[in-house]
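Values below: all heavy atoms of this structure, side chains included; hydrogens, waters and symmetry mates excluded.
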Amino acid sequence: MSWLPLSFGFPAVLWGLLALPVIWWLLRLTPPRPQTEVFPPLRILAQVLKREDTPHRSPWWLTLLRLLLAGFVIMALAEPIWNPRERVPTGGSALALVIDNGWASAAGWGMRVATARRLIADAERNEIPIILAFTAEKPNEAIGPYSAGEARDRLNAVKPRPIPPDRANVFVAVANALKPLPGATLAFLTDGLAQAQDQAAFDTLLAQNPANVVWAAPDSLDMVGLSAANNVVDRFVISAVRAPAGPVPRLMTAGAFDEKGRRIGDAAVTFRPGETTATGEIVVPFELRNDFASIALDGQGNAAAVRVLDETDKRRRVGLLSQTPADETRQLLSPLYYIRRALEPYADLIEPASPDLTEAIPQLLEQKPAVIVMGDVGTIPETVRAPLIEWMDNGGTLLRFASSRMLSSGNDEDLLPVKLRLGERLLGGSLSWTEPQAVTEFPANGPFSDLPPPAEVTVTRQILAEPTPDLVDRTWATLADGTPLVTADRRGKGMVVLFHITPLATWSNLPISGTFVEMLRRIVQLSRNQGVGAAAENQAAASLAPYRMIAADGQIVPPDPDARSLQTGKGPVPVTIDNPPGLYGSEEGVLAHNLLPADAAFAPIVRPEMTVPVVNERYALDESRDLKGPLMIAALAFLAIDSLIVLWLGGVFQRWRRRPVNAAGRAVTMALALVAFSALMSAPSPVLANDSKPGDAEAIEAIATTRLAFVITGNSSVDAISRAGLHGLGQFLRDKTALEPGEPVGVNLDRDELAFYPIIYWPVDPGAPMPSQAAIARIDEYMKEGGTVLFDTRDQYAVTLDASTSPATQRLRDILGSLNVPPLEPVPEDHVLTKSFYILQDFPGRYSGSPLWVEASLEASNTDNRPVRTGDGVTPIMITSNDFAGAWAMDENGDPMLPTVPSDPMQRVYALRAGVNIVMYMLTGNYKSDQVHVPDLLERLGQ
């Protein structure tokens with residue numbers, strides 16, 4: 001039974017809710033024991049007449065509390081579940097749970113674990129064993145059968161691996177474990193990517209005749225990996241691959257990091273609609289590219305998105321070789337002078353100590369250079385010829401220049417890119433019919449294709465190549481007549497390059513041009529480093545220890561205990577659990593072992609055809625919540641509160657209070673009382689509730705704080721200014737006096753109680769309706785009982801066409817015509833209002849000039865007796881036209897809302913001081929009068 005998003009395991013128990021009305025009736029008939037209060041003078045009567053009193057019914061709130069307790073217990077027994085999920089069928093003899101935990105599962109591993117936990121929970125309800133296998137673990141790992149608890153422990157212990165899943169071997173192990181458990185449920189939690197031999201692996205497992213299959217795969221394949229990172233001539237080019245995404249473009253960024261993890265380069269990688277591969281370029285100086293230690297795609301938390309770099313991607317080591325002895329005094333005549341000057345900024349140069357080739361070549365090969373440059377070398381001795389050829393086959397680049405020695409050495413097919421003609425060609429001169437040749441456009445198949453041909457370079461002598469069908473393919477530079485200037489050819493993993501001129505400026509001025517420098521730099525960049533790691537790769541029995549590994553989430557971390565040494569020299573080594581991706585070697589040199597090959601492709605996994613029922617499951621976090629426990633806890637809490645209430649109503653706490661108790665007992669009692677009162681939301685006791693009257697709570701709240709009131713006129717702008725004015729005056733009172741008035745209150749003269757407020761500000765609005773006779777009568781009664789009304793016509797500068805009374809003043813006369821108004825006079829100079837707090841001469845508001853009218857003294861003609869001897873009361877009425885509220889009104893930031901007229905900052909200060917004097921006068925009565933006449937009083941008392 002399910003009412004989304006709430007379901008119940010035993011919905012029949014909910015019929016018990018129908019008994020709640022009966023419980024209500026029973027609880028009302030059996031109220032708790034009433035609290036007894038003994039009145040001492042009546043104790044003697046209690047001894048004479050004893051009668052048992054039983055309350056008529058229990059309080060409604062106590063009955064409701066007990067009904068909630070019963071309802072919570074009933075709902076808890078029904079086993080409610082919030083946000084219920086549909087259970088996956090996990091029947092049969094067992095549950096075989098196979099989970100991909102390779103690199104592609106790292107990003108969503110949490111949801112895969114949550115899905116697996118749901119399947120394990122369903123199998124636990126069916127009390128069946130669980131086979132739990134992971135495809136990126138070793139095939140000989142234990143896979144069960146497990147109990148549900150053991151399966152959860154195993155699931156929590158496994159983490160994603162930075163390797164591809166090995167479904168073929170793991171599925172065989174699962175199939176063997178299921179042979180004694182026919183008719184099991186197979187659950188495949190895949191990473192969504194296809195692997196080689198997937199079909200054969202699934203066939204092996206499905207041959208065990210499962211009862212049903214649960215298939216889970218990601219909704220979309222959004223992982224992106226790096227398949228290559230090449231340090232080309234003037235930039236770093238990276239290649240990325242993604243799964244087929246249809247007509248969806250995607251823009252990504254990649255960063256290059258040094259050995260300390262600092263980002264020193266950026267690239268943009270854009271997948272066009274329908275494309276699964278993309279490239280990006282990091283254009284930074286050569287020296288900065290040599291510091292690259294890794295490349296990583298932003299926003300991709302998997303091992304395929306990170307590619308580590310080794311020495312093959314960094315600055316090259318170049319060996320210089322010449323048969324001419326070094327002469328410090330004639331450096332410009334050295335065949336290596338211009339070569340050395342051109343390569344020094346871009347490569348590490350090494351030179352042998354001896355010009356003897358039998359000694360020099362082994363010395364160079366021992367230092368594993370990426371390039372060996374032969375300036376004027378002719379015949380290569382047989383003793384060193386084979387190691388030199390082997391060095392090229394393993395990735396070395398041999399760069400040779402023409403010389404007179406080469407003409408006499410003949411053709412060497414292994415150490416020359418093309419076959420040469422015997423003899424040199426002379427261009428120009430007295431014995432030549434031809435002119436010196438310029439360099440033409442560089443061929444598109446060479447590394448110089450984007451270089452402009454040097455217009456200032458000419459060639460006067462060269463060694464010609466024999467015309468062959470493949471000569472064009474091996475030519476990187478030509479002269480204007482079509483003859484080759486630079487040729488090259490592959491030798492295993494390396495190459496041999498020949499300049500058909502000498503490295504000196506004798507045959508051509510190319511060696512002293514800037515183009516020569518760029519040509520040499522690009523040849524060096526095309527070479528393959530032969531560092532420590534690369535050298536180990538080419539040895540038959542090299543073993544490189546793990547140095548830094550790529551974790552499943554793409555982080556560079558120290559090697560874990562499962563990583564083994566990398567055995568090189570036997571071809572490409574696959575990425576496995578023994579050899580995860582990362583760097584192998586030591587601080588002296590490392591070899592990069594990356595996850596994806598250059599031809600990597602992401603293809604979505606294809607679900608095999610199955611004849612058994614298949615349930616498609618989605619990866620998602622389990623959002624269902626069992627409410628049985630919280631409901632039972634709530635019921636127990638209500639039971640505890642009910643017990644405390646019963647004790648309280650029975651007078652237990654009162655009797656404890658009468659007895660002497662220690663500090664610990666008093667603290668416990670107070671804590672229990674606080675819990676009870678909090679649960680009941682400070683409910684009053686039954687006795688006090690019976691004595692209270694309607695409106696008592698409002699009256700208590702009104703008199704708890706001194707509040708200033710204003711008459712609501714019905715004009716929203718006038719009422720807003722009145723409220724803001726009294727609020728501003730209240731803030732001024734809090735800042736300058738000990739009085740802290742509450743927020744101002746707007747009163748309706750027809751229905752609100754006026755006795756709670758010491759003064760009522762009445763802005764006379766001629767546009768407002770005339771107050772009713774009932775309202776006039778209430779105001780009259782309020783003034784007789786000691787309240788004061790401050791009438792403000794706000795018309796000090798009002799001008800009429802006929803110089804008659806203003807509308808506001810006329811409306812005030814109409815109102816006062818129905819009131820018992822005493823004689824009025826302007827505030828005298830010695831009135832208490834002029835000195836109740838501040839010493840004031842007049843009472844300005846927003847306007848200045850109008851007097852403040854108050855009740856006249858009984859002996860107005862006798863200034864000596866005014867106002868001290870006129871009684872203890874205060875004036876019940878005040879009248880002004882200076883617009884007090886307009887001067888007092890402040891906005892939320894404390895800034896004045898209306899300007900004063902005239903514009904004088906001190907006028908607003910005097911208006912606020914006048915308001916303070918009025919409030920103090922209203923609250924203190926003749927107390928201030930007595931204080932200002934203390935000397936006279938003391939004199940009369942004989943002091």
Let me confirm one number: the [atom1]-[atom2] distance from [X] to [Y], rounded to the nearest 0.5 Å.
X      : Y      : atom1 : atom2 : answer
Arg707 : Leu726 : CZ    : CG    : 12.5 Å
Ile918 : Tyr761 : CD1   : OH    : 10.0 Å
Arg618 : Asp219 : CZ    : CG    : 4.5 Å
Met783 : Thr788 : CE    : OG1   : 8.0 Å
Leu739 : Phe837 : CG    : CZ    : 10.0 Å
Ile879 : Asp792 : CD1   : CG    : 10.5 Å

Are the side chain of [X] and the backbone N or O of [Y] linked by a donor-acceptor pair below 3.5 Å?
X      : Y      : result
Asn893 : Asp895 : no
Ser220 : Asp222 : no
Thr924 : Met920 : yes
Arg734 : Glu740 : no
Gln907 : Arg846 : yes
Arg913 : Leu840 : no
Arg811 : Ala768 : yes
Asp266 : Gly255 : no

Nearest heavy-atom pair of [X] and [Y]: which atoms, and what distance?
X      : Y      : value
Ser722 : Ala885 : CA-CB, 4.1 Å
Pro741 : Thr705 : C-CG2, 4.1 Å
Arg908 : Pro896 : CZ-CB, 3.3 Å
Tyr847 : Ser881 : CD1-O, 3.7 Å
Tyr782 : Leu754 : CE1-O, 3.1 Å
Thr834 : Glu829 : OG1-O, 3.2 Å

Using 30° and 60° as the class boundaries, would you call the ring planes of His831 and Tyr921 parallel, tilted or perpendicular?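 Rings of His831 and Tyr921: perpendicular, over 60°.
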If you apply the rule salt bridge (charged side-chain N to carboxylate O under 4.0 Å, His left out), what do you find for Asp752 with Arg778, and how did you get there? CA-CA 10 Å; Asp752 291 336; Arg778 299 186 71 198; over 6 Å; no
More than 12 heavy atoms from other groups under 6.0 Å of OH on Tyr910: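 No.
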Near Ile839 CD1, under 6.0 Å, is it more than 12 heavy atoms from other residues, nucleotides or ligands?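 Not buried by this count: 12 neighbours or fewer within 6.0 Å.
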Quick one: are [X] and [Y] in side-chain contact, heavy atoms under 4.5 Å?
X      : Y      : value
Thr880 : Arg794 : no
Thr706 : Tyr757 : no
Val854 : Ile877 : no
Val916 : Thr737 : yes
Phe710 : Arg723 : yes
Val711 : Leu749 : yes
Leu833 : Phe843 : yes
Met922 : Met878 : yes

Determine whether Gln773 and Ser818 satisfy the following criterion, side-chain contact (heavy atoms from CB on, under 4.5 Å), listing intermediate values before the conclusion. CA-CA 8 Å; Gln773 290 301 319; Ser818 302; 4.2 Å; yes
Any donor-acceptor pair under 3.5 Å linking the side-chain atoms of Ser806 with those of Thr809?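 Ser806 and Thr809 do have a side-chain donor-acceptor pair below 3.5 Å.
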Side chains of Thr253 and Asp298: is there a donor and an acceptor less than 3.5 Å apart?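 Yes, because at least one side-chain N or O of Thr253 sits under 3.5 Å from a partner of the opposite role on Asp298.
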Given side chain to side chain donor-acceptor pair (under 3.5 Å), test Asp750 with Ser772 step by step and report yes or no. CA-CA 8 Å; Asp750 290 316; Ser772 64; 2.7 Å; yes
Does the pair Thr793 and Asp795 meet the rule for a side chain to side chain donor-acceptor pair (under 3.5 Å), with working shown? CA-CA 5 Å; Thr793 59; Asp795 60 352; 2.5 Å; yes
Could you go through the side-chain contact (heavy atoms from CB on, under 4.5 Å) check for Ile712 and Val747 one step at a time? CA-CA 6 Å; Ile712 298 176; Val747 294; 5.9 Å; no
Go through the steps for Asn715 and Thr713 under the test side chain to side chain donor-acceptor pair (under 3.5 Å), then give the verdict. CA-CA 5 Å; Asn715 188 325; Thr713 64; 5.7 Å; no
Given side-chain contact (heavy atoms from CB on, under 4.5 Å), test Phe884 with Leu790 step by step and report yes or no. CA-CA 10 Å; Phe884 281 164; Leu790 172 57; 3.7 Å; yes
Look at Lys784 together with Asp780 and state whether they make a salt bridge at an N to O cut-off of under 4.0 Å.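 Result for this pair is yes, salt bridge flagged.
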After noting the C-alpha distance and the side-chain angles of Trp762 and Ile815, does the key distance pass the side-chain contact (heavy atoms from CB on, under 4.5 Å) rule? CA-CA 11 Å; Trp762 190 335; Ile815 295 173; 3.7 Å; yes
